[in-house]
There are 2 protein chains.
Amino acid sequence: MIGEHIRALRESNDVLLRQLAAQLEIDQAMLSKMERSERSFKREHIDVLAKIFKQPKKDLLTMWLADKILKTVKSEKFTKEALRLAIDNV
Amino acid sequence: MIGEHIRALRESNDVLLRQLAAQLEIDQAMLSKMERSERSFKREHIDVLAKIFKQPKKDLLTMWLADKILKTVKSEKFTKEALRLAIDNV
DNA sequence: AAAGACTTGACAAATTTTGGACAATTTAAG
DNA sequence: CTTAAATTGTCCAAAATTTGTCAAGTCTTT
């Protein structure tokens, strides 16, 4: 979800994978995977991306975290219940 | 949260740490930590515990998962927003 | 056919997480 | 005081996850 979002931003700004990768100081192949949710963005990347694309950091961070969460619960039963329970205990 | 719950069950059933640890085939020191949320129960432990204390597996599993979730998001901003977003994307 | 943009898979390296063991200490009860 | 129960701290090994890098591949455009 953060991946697709970044990709959309990148494309609508006519930025090449290779260019954005350079700004994030990572391999282009890696960024390609990140945008397709095959790998994860690092926490620090989010700040850089927010600046580059002038997005509210909060939005990107929330998406990034949500991804992280979904990753840890994937393939478990009662995911929704657990998420609700988690919210109640934050 | 699963920890405190197990502890409550254990005590109300007059079971000693050492005894429950034996049933779970783990070190008593470890179980002590687990009940105090210093360490985590393994996924398999949940099934055993549900049987031992005759609890609905779903309840324990949900708590266990919620703990796991909270662990991954702890110390991050926008946790609630992320959890909500995660729910919407399950 | 050549070039540019992106994807894919495989592999090694690095890092993190986890688990278990033990000894020492503390707490509570008798 | 003595014993039993539980906690704490630390160390270590194994396992699991994450990362980075590369070479080769696809697809599209010129």
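Sequence lines set the chain letters: A, B, ... in the order given, protein chains first and strands last, and positions in each chain run from 1.
- For the pair B/R39 and A/M30, nearest-nucleotide mapping onto DNA chain C gives the more 5' position to A/M30.
- Between A/S32 and C/dT7 there is a side-chain N or O to OP1 or OP2 distance below 4.0 Å.
- Remark: the backbone N or O of A/L20 is not paired with any side-chain donor or acceptor of A/Q23 at under 3.5 angstrom.
- The CG-P distance, from A/D27 to D/dT19, rounds to 14 Å in whole Å.
- As a whole-Å value, the separation of A/K33 NZ from C/dA5 P is 20 Å.
- At whole-Å resolution of the value, CG in A/L20 and P in C/dA5 are 14 Å apart.
- For the residue pair A/Q55 and A/H5, the shortest heavy atom distance occurs at OE1-CE1, 4.3 Å.
- As a whole-Å value, the separation of B/Q19 CD from D/dA6 C1' is 13 Å.
- A pairwise comparison of heavy atoms in A/T72 and B/K68 identifies O-NZ, 3.7 Å as the closest pair.
- Candidate nucleotides D/dA5, C/dT7, D/dT18 were compared by shortest atom distance to the side chain of B/L16, and D/dA5 ranks first.
- The phosphate of C/dT8 has OP1 or OP2 within less than 4.0 Å of a side-chain N or O from A/R36.
- Note on A/K42: every side-chain N or O is 4.0 Å or more away from OP1 and OP2 of C/dT15.
- The separation between B/E11 atom CD and D/dT7 atom P is 8 Å, rounded to whole Å.
- Scanning both residues, B/I2 and B/L60, for their nearest heavy atoms gives CD1-O, 3.5 Å.
- Between A/K68 and D/dT18 there is no side-chain polar atom (N or O) within less than 4.0 angstrom of OP1 or OP2.
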Quick one: do A/R43 and A/D47 satisfy salt bridge (Lys or Arg N to Asp or Glu O under 4.0 Å)? Show the steps, please. CA-CA 8 Å; A/R43 172 68 186 71; A/D47 301 88; 2.7 Å; yes

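- Atom P of nucleotide D/dA6 and atom CG of B/L31 are separated by 9 Å, given to the nearest angstrom.
- Out of D/dT10, D/dA6, D/dG9, the shortest distance to the side chain of B/A29 is found at D/dG9.
- Atom CG in B/D67 sits roughly 17 Å away from atom C1' in C/dT17 (whole-Å rounding).
- When the side-chain nitrogen and oxygen atoms of A/R18 are compared with OP1 and OP2 of C/dC6, none of them lie within a distance under 4.0 Å.
- As rounded to whole Å, 16 Å separates atom P of D/dT18 from atom CD1 of A/I26.
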